K.L.:
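For reference, the structure I am asking about is given below.
Computed from a predicted structure; not experimentally measured.
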Amino acid sequence: MSPEGLITSEFDDAAIIDTEVDAVAVVDVESVDADDIAELELVVLDLDGTTVVDDGLVERAFLRAVDAAGIAVTDDELRRARAFARGTAGRSPIEVLHALTADEDQAQHAHAVFESAYAELVADQGLRAVPGAEDLIRRLRAIGVAVVLISAFSRATQDRVLDLLGWRDLADLTLSAEEAGRGLPYPDLPLTALLRTGASSVDGMVVVGDTESDIASGLAAGAGLVVGVLTGAHDESALTEAGADAVVASVADLVELLGLDELEADAPDGQNRR
């Protein structure tokens, strides 16, 4: 257990991916035990910043929201709100707004503006999947590993994202914070994913995300492996300090980290491992 009281996973050292080139390779995977990965049952993947390219849309919608609701209006207030939003990336927008104002009506107004502003931005600019994300999900499911997509977004916003990407049926399950009880950094989302998919043990669960909150959630849930990715809000140092067992350039690098090629080779033809 960490000094902060979080339950840490059984992997102690961080494996780091060199991100200076597009095609990266694992340079230290000693902390990943092949026997544990062979029992892989469930991969929990964050949406925004992990499997979906953000392009700053969440932050832009958030700043519109705090401005419209009067939470942050001056340039200085907006700068502070932006810094707070970046530091709490991965958490539910309504929870972040509650932290900025004690006025419930003001927080709810801001959240409504956030939802509409984000919908407008993604409709106008579109969304892109992180390269390799969809292929990874399909390959995992093909060998019987369950995949769950989680998000701090409301269910309505999460569905909008899934529809724009054509991902409604891509994963075994999708979960929003409101459906799990509490959002990140609490363990509710990964544990709800485990229960809903029927996975037998937290040791066979991998949690992947781009924020410190994702890492904290995976650790608190006792996941066998907690992986940070560098395609979103937080950098390698932040993710490592948060306790990630491994940090990779993107979800595409999970193919190598998890030994997916070997797992596919061992899977009976035409049969799932689950």
Side-chain angles (χ1 to χ4, degrees), residues 7 9-11 32-33 35-48 50-52 90 92 129-130 132-155 158-159 161-163 165-210 213-229 244-246 251 254-255 257-260 262-264 266-268 270-274:
I7 303 171
S9 73
E10 63 199 73
F11 300 92
V32 180
D33 190 312
D35 291 335
D36 291 317
I37 295 301
E39 300 302 320
L40 178 65
E41 293 184 80
L42 168 64
V43 177
V44 180
L45 299 169
D46 176 53
L47 268 177
D48 186 61
T50 300
T51 53
V52 181
S92 168
V130 169
E134 184 170 337
D135 180 63
L136 171 74
I137 294 168
R138 293 188 186 282
R139 289 178 66 180
L140 286 168
R141 293 190 69 194
I143 59 170
V145 176
V147 178
V148 177
L149 294 171
I150 64 171
S151 174
F153 292 139
S154 69
R155 168 49 65 180
Q158 185 173 5
D159 284 345
V161 169
L162 296 171
D163 286 341
L165 293 169
W167 279 12
R168 277 282 190 154
D169 300 316
L170 179 63
D172 292 86
L173 178 69
T174 63
L175 285 173
S176 65
E178 61 199 37
E179 294 165 331
R182 297 173 297 179
L184 307 178
Y186 297 102
D188 302 34
L189 277 163
L191 292 179
T192 301
L194 183 141
L195 292 170
R196 295 273 188 93
T197 58
S200 62
S201 169
V202 292
D203 290 337
M205 176 171 65
V206 175
V207 175
V208 186
D210 65 292
S213 293
D214 289 306
I215 304 306
S217 178
L219 293 175
L225 187 68
V226 181
V227 182
V229 296
D245 300 307
V251 291
L254 290 174
V255 170
L257 187 68
L258 300 179
L260 187 53
E262 290 78 8
L263 291 176
E264 289 173 327
D266 291 341
Q271 296 182 25
N272 284 343
R273 293 170 61 237
R274 272 192 297 147

K.L.:
How close do A180 and L189 get, counting heavy atoms only, and between which atoms?
P.N.:
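Heavy atoms of A180 and L189 come nearest at CB-CD2, 3.6 Å.
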K.L.:
Let me confirm one number: the CD-OG distance from E41 to S201, rounded to the nearest 0.5 Å.
P.N.:
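Going from CD on E41 over to OG on S201, the span is 6.5 Å.
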K.L.:
Please assess L260 against L254 for the test side-chain contact (heavy atoms from CB on, under 4.5 Å), listing each intermediate value before the final yes or no.
P.N.:
CA-CA 8 Å; L260 187 53; L254 290 174; over 6 Å; no
K.L.:
Hey, does the side chain of T174 reach the backbone of L149 with a donor-acceptor pair shorter than 3.5 angstrom?
P.N.:
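Judged by distance alone, no pair lies under 3.5 Å.
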K.L.:
Provide the closest heavy-atom pair for I150 versus V44 in the form atom of the first, atom of the second, distance.
P.N.:
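Result for this residue pair: CG2-CG1, 3.6 Å.
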K.L.:
Mind checking side chain to side chain donor-acceptor pair (under 3.5 Å) for D159 and listing every partner two or more places apart, or none if nothing turns up?
P.N.:
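For D159, the residues satisfying side chain to side chain donor-acceptor pair (under 3.5 Å) (neighbours in sequence not counted) are R155.
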K.L.:
Which value, rounded to the nearest 0.5 Å, describes the distance between L170 atom CG and L162 atom CG?
P.N.:
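Here the rounded value is 9.0 Å.
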K.L.:
Between A220 and P185, what is the shortest heavy-atom contact and its length?
P.N.:
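Minimum heavy-atom contact is CB-O, 4.5 Å.
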K.L.:
Just wondering, do V229 and V208 contact through their side chains at under 4.5 Å, heavy atoms?
P.N.:
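Heavy-atom side-chain distance check passes, below 4.5 Å.
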K.L.:
Which residues satisfy the side chain to side chain contact (heavy atoms under 4.5 Å, CB included) test with V202, sequence neighbours excluded?
P.N.:
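Residues passing side chain to side chain contact (heavy atoms under 4.5 Å, CB included) with V202: L191, L194, M205.
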K.L.:
Specify the closest pair of heavy atoms between D172 and A146, including all atoms of both residues, with the distance to one decimal.
P.N.:
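Closest approach of D172 to A146, heavy atoms only: OD1-CA, 3.3 Å.
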K.L.:
Checking V130 against T50 for the side-chain contact (heavy atoms from CB on, under 4.5 Å) test, could you report, in this order, the C-alpha distance in whole Å, the side-chain angles of both residues, the deciding distance, and whether it holds?
P.N.:
CA-CA 7 Å; V130 169; T50 300; over 6 Å; no
K.L.:
Using a 3.5 Å distance criterion without hydrogens, assess whether the side chain of Q158 forms a donor-acceptor pair with backbone atoms of L175.
P.N.:
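Side chain of Q158 to backbone of L175: a pair is present.
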K.L.:
Ignoring hydrogens and geometry, is there a side-chain-to-backbone donor-acceptor pair from D245 to V227 under 3.5 Å?
P.N.:
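Not a single qualifying donor-acceptor pair exists.
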K.L.:
Considering non-hydrogen atoms only, spot the tightest contact between G209 and I215 and give its length.
P.N.:
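Result for this residue pair: O-CD1, 4.4 Å.
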K.L.:
Output every pair passing side chain to side chain donor-acceptor pair (under 3.5 Å) with a member in residues 184-196, not counting sequence neighbours, ordered by first then second residue.
P.N.:
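For residues 184-196: R182-D188.
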K.L.:
Is there a donor-acceptor pair under 3.5 Å between the side chain of T51 and the backbone N or O of D46?
P.N.:
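Side chain of T51 to backbone of D46: a pair is present.
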K.L.:
For a 4.5 angstrom cut-off between non-hydrogen side-chain atoms, does L136 reach V147?
P.N.:
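Not touching, per the 4.5 Å side-chain cut-off.
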K.L.:
Which distance, rounded to the nearest 0.5 Å, do you find between the CG of D203 and the CG of L225?
P.N.:
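With rounding to 0.5 Å, CG (D203) is 11.0 Å from CG (L225).
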K.L.:
Closest heavy-atom contact between L47 and S151?
P.N.:
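That would be CD1-CB, 3.9 Å.
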K.L.:
Rounded at 0.5 Å granularity, tell me how far CG in D48 sits from CG in D210.
P.N.:
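Going from the CG atom of D48 to the CG atom of D210 covers 7.0 Å.
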K.L.:
Hey, does V206 have a side-chain heavy atom less than 4.5 Å from the side chain of L257?
P.N.:
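No, too far: nothing below the 4.5 Å cut-off.
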